[in-house]
There are 2 protein chains.
Amino acid sequence: MSTITDVAREAGVSVATVSRALRGLDRVSPRTRERVLKVAEDLDYVASPTATSLASGRTQVVGVVAPFLMRWFFATLVSAIEKTLRQHGHHVLLFDLEDDSDNQRLPLSQNMLWKRVDGVITLNLPMTDQELELVDRLGLPLVAIGTAVADRPNVRIDDALAMRLATEHLVSLGHERIAYIGAIPSNVAHIQTPQARLEAFREVMRSHGLEEHKQWILGSAWTADSAAEDMRTLLASADRPTAVAAASDEMAIGAMAAARAQGVRIPEDLSVIGIDDHALSNVLGLTTVRQDVAAQGREAAEILLRALGYGPSGGGPTEVVVPTELIVRSSTAPPAS
Amino acid sequence: MSTITDVAREAGVSVATVSRALRGLDRVSPRTRERVLKVAEDLDYVASPTATSLASGRTQVVGVVAPFLMRWFFATLVSAIEKTLRQHGHHVLLFDLEDDSDNQRLPLSQNMLWKRVDGVITLNLPMTDQELELVDRLGLPLVAIGTAVADRPNVRIDDALAMRLATEHLVSLGHERIAYIGAIPSNVAHIQTPQARLEAFREVMRSHGLEEHKQWILGSAWTADSAAEDMRTLLASADRPTAVAAASDEMAIGAMAAARAQGVRIPEDLSVIGIDDHALSNVLGLTTVRQDVAAQGREAAEILLRALGYGPSGGGPTEVVVPTELIVRSSTAPPAS
DNA sequence: CTGAAAGCGCTTACAG
DNA sequence: CTGAAAGCGCTTACAG
C-alpha cells in the first residue's frame, strides 16, 4: 500500500501539500490539488488512520457502550448509530459490558477509551461516578440514550408518558383489574426506565380511583421467559386481573404466550399491552406504545457528531425526547363484563 | 494523561526499557521491571493505542461485518464475538452493510479496513470478488461465519442436516402434506443457507415418496412479517398443508401467528417447526432445531485470534461445524387423522 | 501557494 | 540487561 510520501514523490510536491490537498484545505492551487488527487487515486492511496490519529489526536471512532447487545432494543440502536456515523466518516467501536460469569456488568475502563475513541454513546447504561470521572478526564464528549448520564446530552422517550398511554388505553376500554409486569426493585440499579414506567402506571390507576393489587405488580426481569413465568403464577391464583400492562413488548409477548398456554384467551379473557413495537409485535397482534428506536440512535449520533465539531456548529438540541404513539392491535379489548 | 516518556523519567530508565518491561518481554531485570510497573501504575499510564499501532503495525482491532445487525442471529453473534475478543485485549469495529436507501448492500471498502483492523469476521456475508481481493491485498486474515468465503476458515452449522432434522420430525409425526417457508430464489444472492435448507427439505420429501406442492414452497423474505403474509395466502386456499417447515424461527413465528389469527389451531390443525431456537421460541412453544449461535461467534473469534498469532500457534481447526439439536415443543403434533 | 521540520508516542533493531 | 536512535505515516505551525 502506498503512503503519503509515495504520492508526494509521484506528484512532485511535498507531503505537506499532499496532506492539505487531500483534506481539502485552503491554500493549495487548483492545479496542484488536481494533480495530487489524480495521483492519489492512481495509487489507491488511503491515509493511514493510525498515523493520522497520532498526528491529529482524533480517531474518527466513537465508542458505543451497552449493558448487553442481544436484545432487540440495543441491536436496533447500534445499527442506526453505525449507519449515521459512517455517513460522516466515523466508525463504531463496540463494547458489550454484560458479564456472563457474574451478574454485575463490567466497568468501562481507561484502556477501552483512551486514544481509541473521540466520543462515547451509552445505551441505557447508568454510569458509575468513576466511569464518569474517567470520561471527563479523557475529555470525551458523551451522549446518553435512555438512562440519562449526569448533565450530558440525552435522547430518550418520555417513559412516564408512554406508560400512561398504555394504562389509559386499558382503563378506557373499561378495565379496572389491571396487573403490571416489569417492576424492577429500585435498589437493583439506577436505571430510570423501570421506575418511571411503574410510577406512571400507579399514577394512572390512582387518578381513576382504581385499586392496586400488590400481588399483581410483577417484578419480571425484562425478558419474555421471566414474564411468562410470573404470568403463570399470577394466572394460577383465583383472583385474576382482566388486563395486564407490560413495561416492554418482550415481556408482553411472554405474558401473552403464558396466558394462551393455560387456555386464557386474548383479548377475550385477558388484554395485554406493551411498550416498544418490537419487530415481532405486529405479527403477534400485540397492542403497544411504539417508540422509534432507530430515530433515537440517529439523533444521538448526530448530537455527538456536532459535539465533535462536525455539521452546524450552532448548538442544536442537547435533549431530545422522541415521540411515542399508541398502536392498537388485537391483544386488547373491553373486559368480558 | 501520561506518556511513556513520563514513566521513563519517573522510573529513571529509557523509554525502550519501559516499553519492554510493560509488555513483559525478556531481557529486563526483575528489579527494573518492578519499578517500571509501579511507576506506570502510579501514573495511571496506558499506552496510546494509536502510537502503538503506528509503530507496531497492529491495531488490536478486528472488523466485524454484517449485512444487517438488528436480527437476533446477528446481534447474538456480535455479542459473543465482542466478549471473546475483549478477553484477549482486542476490540470490535462494527460494520452494518445494510443500505436503507437501496436494496443492495454497501460494499466493503479500503478505508474501512486499511490500517484500521488486524482481521475480519464476516457474518453470513457473501463477499464479492473485489472485496475478497481487497482483503487479500491488505493481508488481513478472515473468518467467515455462516456463508463461506472462498477457502477461508469457516464456522457454521450443517444447514442441510438441520432442515433434515426438522422435516424428518414432521414426517415421523405422520405428516405428508408439508409446506416450506424461506425459499429464496437462487439468483438473488450467493447465500448458501437458504438454498441448502430448501434442498434438504426436498430431499427428505422425495426420500419418503412425498409429493412436493409448488404453491406450498413460499419464498418469504426471512422476516416474520413476510412469512405471515405468505401464510395468509396459503391458508386462504382450499388445498392446505397439515404442517409447515420454516427455514428460520422468525419466519416460523410469523407463520404461527398468521395461522392463529385465521382460527387455524396449532398444532391441532397445523404443525409448525423452525430452525434457530430464537430467544422467543421457548416462550412461544415453537418446536425448532436449535443452533448455538453464541458458540459460533466464540469459535470464529478464537480462530481469528490464532491466525493473528495469539494462543496456541499450533494450527487448530479451520473449519468448525457447530452441532444442531431438535427441540420438540408444542407447535408440532400428528396431523388430525 | 508551498516546503522543511518538528512532533504525535510508541516499537524495534542495533550496540554495548 | 539497557540505552540511543531510527522509524511508523501522518499533521501542523512556521517561514518564505
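What you see is a predicted model; the values in this text were computed from it and never measured. Here is the naming used below: chain letters follow the sequence lines, and residue numbers restart at 1 for every chain.
Taking atom CG of residue A:L22 and atom P of nucleotide D:dT11, one finds them 8 Å apart after rounding to whole Å. As a whole-Å value, the separation of A:Q60 CD from D:dG9 C1' is 16 Å. B:W114 places its CH2 atom 10 Å from the C1' atom of D:dG9, with the value rounded to the nearest Å. Remark: C1' of C:dC14 and CG of B:L25 are 16 Å apart, rounded to the nearest angstrom. Taking atom CZ of residue A:R35 and atom C1' of nucleotide C:dT2, one finds them 11 Å apart after rounding to whole Å. The distance from atom CG of A:L54 to atom C1' of C:dG7 is 9 Å, rounded to the nearest whole Å. Distance, A:Y45 OH to D:dG9 P: 10 Å, rounded to whole Å. Put simply, NZ on B:K115 is 12 Å from C1' on D:dG7, counting in whole angstrom units.
Taking for each of A:S29 and A:A55 the nucleotide of DNA chain C with the nearest heavy atom, the 5'-most of the two is the partner of A:S29. Where A:V13 and B:V46 each meet DNA chain C at their nearest nucleotide, the meeting point lying more 5' is that of A:V13. Looking at which nucleotide of DNA chain D each of B:R33 and A:V18 is closest to, the 5′-most match is held by B:R33.
Among B:Q192, B:E319, B:E299, the single residue meeting the side-chain hydrogen bond (donor to acceptor under 3.5 Å, both in side chains) criterion with B:R156 is B:E319.
Between D:dC10, C:dG3, D:dC8, one nucleotide has an atom nearer to the side chain of A:I4 than all others, and that is D:dC10. If you check C:dG3, C:dT2, D:dA4 against the side chain of B:A16, the one that comes closest is D:dA4. Of the candidates D:dG7, D:dT12, C:dT12, the closest approach to any side-chain atom of B:S56 belongs to C:dT12. Picking from C:dG3, C:dC10, D:dC10 the nucleotide with the shortest atom distance to the side chain of A:R20 gives C:dG3.
Between A:R23 and D:dC10 there is no side-chain polar atom (N or O) within less than 4.0 angstrom of OP1 or OP2. For A:S14, no side-chain nitrogen or oxygen approaches OP1 or OP2 of C:dA4 to under 4.0 Å. Checking the phosphate oxygens (OP1, OP2) of D:dG3, a side-chain nitrogen or oxygen of B:T17 falls inside 4.0 Å.
C:dA13: no Watson-Crick or G-U partner with both key distances under 3.5 Å is found in any strand.
Looking at every heavy atom in both residues, B:A66 comes nearest to B:F74 through CB-CD2, 4.1 Å.
A:T17 and A:S14 share a donor-acceptor pair across their side chains, judged by distance under 3.5 Å alone.
Within the nucleic acid shown, A:T50 has no heavy atom closer than 4.0 Å to any nucleic acid atom. Note on B:S53: nothing from the nucleic acid sits closer than 4.0 angstrom, heavy atoms only.
For the pair B:R306 and B:Y310, the NZ or CZ position fails the cation-pi test of under 6.0 Å to the six-membered ring centre and within 45 degrees of the ring normal.
Between B:E82 and B:R86 there is a salt bridge, with a side-chain nitrogen of the basic residue lying less than 4.0 Å from a carboxylate oxygen of the acidic one.
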Starting from the C-alpha separation in whole Å, work towards a yes-or-no answer on side chain to side chain donor-acceptor pair (under 3.5 Å) for A:R23 and A:S19.
CA-CA 6 Å; A:R23 285 180 300 146; A:S19 176; 3.0 Å; yes
